[in-house]
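Notes follow the structure.
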Number of protein chains: 2
Amino acid sequence: MQPTSPLPPLRLSVPGPSGRADAAVTLSTVARLVASGAAVSKADLVAAAGLARTTVSTAVDELLARGVLRPDGARPTTGRGRPADRLAMSARGGHVLLADVGARGAHLAVVDLSQRVLAHEHIDIDVQDGPDAVLAAVEDALTALRGRARHPGDGDPAVRAVVIGLPGPVDGNLGIPVRPPIMPGWHAYPVSARLQRTFDCPAVLENDVNLRALGEARALPADQVPLLFVKVGTGIGGGLVSREGVLHHGADGAAGDIGHVRVRGGPDTACVCGNVGCIEAVASAGAIARRLAAEPHQLGVATIADVRALIARGDPDALGVVREAAGVIGELVATLVHFYNPARVTLGGSLTAASDELLAGVRSVVYQRALPLATRNLVLTNSVLGEYAGLAGAAVLGIERVLSPPGMDALTAPRP
Amino acid sequence: MQPTSPLPPLRLSVPGPSGRADAAVTLSTVARLVASGAAVSKADLVAAAGLARTTVSTAVDELLARGVLRPDGARPTTGRGRPADRLAMSARGGHVLLADVGARGAHLAVVDLSQRVLAHEHIDIDVQDGPDAVLAAVEDALTALRGRARHPGDGDPAVRAVVIGLPGPVDGNLGIPVRPPIMPGWHAYPVSARLQRTFDCPAVLENDVNLRALGEARALPADQVPLLFVKVGTGIGGGLVSREGVLHHGADGAAGDIGHVRVRGGPDTACVCGNVGCIEAVASAGAIARRLAAEPHQLGVATIADVRALIARGDPDALGVVREAAGVIGELVATLVHFYNPARVTLGGSLTAASDELLAGVRSVVYQRALPLATRNLVLTNSVLGEYAGLAGAAVLGIERVLSPPGMDALTAPRP
DNA sequence: TATTTTTCCGTCGATATCGGACCGTGATGC
DNA sequence: GCATCACGGTCCGATATCGACGGAAAAATA
């Protein structure tokens, strides 16, 4: 019965480097709780961080001395007891620069560590122009935006971090795009290194859909994770936020790249990737536009904006094609819901902003196909942040980067 | 340009409860490193845990005093310098009971905290008999097995944990099955509570495929995660191990439940779940058996063992049907590889043990369909642990449970 | 054989964080 | 005026961790 041992040596998981609870971690914890708005007083911090009052007190003192936090004088009475001394992120904490670059344009913003949007704008770019031209335009615009972002009396806050999202696969560790299909000339271009040199601060590179997924997840209650974000635009992409609220990148940073999944319906449709039947070739906004322009519709649409106009007008042909696409996307979403069992699926991209047709179509398929266990508590909606979801995710990454123990050290007020 | 703020308040992630690096965490870290075989001396522990020698030393002393560790006298010379005083898990650390219950049988085992398999056996059960009968049989067999597992001179080690895997969706927190399709009468039955009472120790309930996935992941090098395990047997199921090496359960513990995903091919095939075109109804071992028994083959197969025999004999009809199923499964795997981007996909279940037909078929489709970025480093193989993968996963869960800070407290030698 | 080198391990004091106890402060209600 | 409630500052003891020093055991070298 017990001839030889059937089990090989198994690795057991070991909790972190364990090390001592470094003071830097405590500082970071306190700073992030204030920055996220989860705590505005020391009493809040004690409750939220689970630390002793004295520990919180010393941490806050340190952060006040460094100029990261500032007292926020107002003491609104809550009715009973002594009102709390309020805390806020100091304006001297510095700026975080954000760029959410799409295929044809980029959303830019300057935020401070308390998530205030100091300035933002949209610029027209074309990623086809290559990294040099696009990044130069982004850098110039960000620099100009920063000039406009200065509040009177705040001095000249330093740039603490830059975050950029690009519409293609990236290697976040190396800070480079990895063979992005729609971005010729960007492969292995040192995006992070360039931005880091330009602004003399840490730079973070992330995929654009991942940024949207993260933004959505962090704008929602904490029970809305795991979250699956599906963007339907010129292409189709996905982003995954795990139960812990962090992005899932997969082994090669390629997770969520669902545009070239094979789907039922239109098995003969050729795709730019060389295969046939990819969902992107069948159900993306681009595919819908092409289909409406061809037989038997011939509606004379060329751009996605035309498609949106048709849908808004309630054109039956267009709605029919969208419904069909929604069915295809819905089946994929149903599969992924089975597999990943998210708490929430969020639809984004140009097509979802136009109307609710896509959402309705996806919903009907998912709730019909997926098993009750996985859909009982599932929330399936359109993006709540819309076109700003990417900036929101970038803000999260940037602020967390600045307020993390490694970046935290550099965080000292220029002049007390 | 900056009309109103486009961003709502965003939650920032906060590192754990932060609290001080509790001594219990250090103890747990050291114990797990020894238990996993990653360290056999204090010097190893210093390197592996990243702690100071003195910290490791006091932790080891404490664990020796508690009877968790024991000195392992032999000091094999490594060629230079003073040989290390070797450490091992004490036999007095206690036993962990494992049960991997399938539809028609159960693998049982008794292991100690150093992963030694003290005894194991396979018993015949039928989950259709209901929880009372099955769990009574499992409990009896485990008790008997434990009797045989006593090493001479080890005294009577206590049972520290019980782990059970069941072939259906479970709620690990509540310790109950959740509407399992093939286990009538098991819904909401308090499995964990019953085992906890029977053996007077913590009980862990997990899905059987998840156990296999975890076992595989922990038996492989640490760079083989994220890992996707796909079991093809009577049904089809999946298990996910994240990059951190832990199981992904999803929002409702339903993650990996991919048996009822819709696939291309055989869209009219009805499934027990009420839908049509489910992969389980098209490509599972059960579906293959049914297909071979019907037109146009009529091979007179009834069980999965018959199918395996046909495949082993190289029957062309059977191989054709298996190839077809492999294609269907391969397309699903390709989709999931795009989506989750695992470092490794492992195939398991009765069909993969019979021959390499399934693996070959899946591989050809995945490498044809999936994009290079996601498959460049992908390893796609059969299970390395075979039928014992579930027990391996159970051992990991059980030992980690015992060696975690909460369970650690109970870990004290009965007599010094 | 004596010495050096190498590696492992124990002891001690220094540091710094953590958490409890105590007290002061600012508001409300009786 | 007094009690109550809640926030916050300060002191001090507990203790986890670390660094430095020195001792121990084996092999290499002179």
Side-chain angles (χ1 to χ4, degrees), chain A residues 14-31 33-34 39-65 69-88 405 408-409, chain B residues 15-31 33-34 39-66 69-88 405 408-409:
Chain A
V14 177
S18 175
R20 93 196 291 152
D22 211 331
V25 174
T26 302
L27 285 185
S28 172
T29 301
V30 170
L33 285 171
V34 175
V40 289
S41 71
K42 294 188 186 176
D44 290 348
L45 285 167
V46 169
L51 297 172
R53 283 173 287 285
T54 143
T55 307
V56 167
S57 219
T58 53
V60 167
D61 287 346
E62 172 68 21
L63 290 171
L64 286 171
L69 296 182
R70 66 178 168 82
D72 193 8
R75 295 207 284 194
T77 166
T78 55
R80 242 198 334 273
R82 171 179 170 178
D85 297 354
R86 293 167 63 90
L87 296 167
M408 196 85 191
D409 304 338
Chain B
S18 175
R20 96 196 290 152
D22 210 330
V25 175
T26 302
L27 284 186
S28 173
T29 301
V30 170
L33 284 171
V34 175
V40 289
S41 71
K42 295 187 185 175
D44 290 348
L45 287 166
V46 170
L51 296 171
R53 284 184 295 281
T54 130
T55 307
V56 168
S57 219
T58 53
V60 167
D61 288 347
E62 173 68 21
L63 290 172
L64 286 171
R66 287 202 201 181
L69 297 182
R70 67 177 168 83
D72 193 7
R75 296 205 283 192
T77 165
T78 56
R80 235 194 346 266
R82 170 179 171 179
D85 297 355
R86 292 167 64 89
L87 296 168
M408 197 82 191
D409 303 338

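Every chain is numbered from 1, with letters handed out A, B, ... down the list of sequences. Everything numeric in this text was worked out from a predicted model, so none of it was measured.
Distances were taken from every side-chain heavy atom of A:A84 (C-beta onward) to each of C:dC9, D:dC7, D:dC18; the shortest belongs to D:dC7. Comparing atom distances between the A:A52 side chain and each of C:dG19, D:dC7, D:dA26 picks out C:dG19 as nearest. Closest to the side chain of A:T54, from the set D:dG8, C:dG19, D:dA25, is C:dG19.
At the heavy-atom level, B:S57 lies under 4.0 Å from the strands shown only through sugar-phosphate atoms.
Place B:R53 and B:T58 on DNA chain D by their nearest nucleotides, and B:T58 ends up nearer the 5' end.
Separating the CG atom of A:L45 from the P atom of C:dC18 is a distance of 13 Å, rounded to the nearest angstrom. Separating the CZ atom of B:R86 from the P atom of C:dC8 is a distance of 13 Å, rounded to the nearest angstrom.
At C:dC18, one or more side-chain N or O atoms of A:T26 fall inside 4.0 Å of OP1 or OP2 (strictly under the cut-off). Taking only side-chain nitrogens and oxygens, A:K42 comes nearer than 4.0 Å to OP1 or OP2 of D:dG9.
For the pair A:L64/A:P71, a side-chain contact is recorded, criterion being any heavy-atom separation below 4.5 Å from C-beta on.
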Can you give each donor-acceptor pair under 3.5 Å made by side-chain atoms of residues 49-59 of chain A, sequence neighbours left out, with the distance rounded to 0.1 Å?
from, atom 1, to, atom 2, distance (Å)
A:T58, OG1, A:T54, O, 3.2
A:T58, OG1, A:T55, O, 2.8

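A pairwise comparison of heavy atoms in A:L45 and A:V30 identifies CD1-CG1, 3.8 Å as the closest pair.
A donor-acceptor pair is defined here as one N or O able to donate and one able to accept, closer than 3.5 Å; such a pair exists between the side chain of B:T29 and the backbone of B:V25.
For D:dC18, the base has no donor-acceptor partner in the side chain of B:T55 [N/O atoms by modelled type, under 3.5 angstrom].
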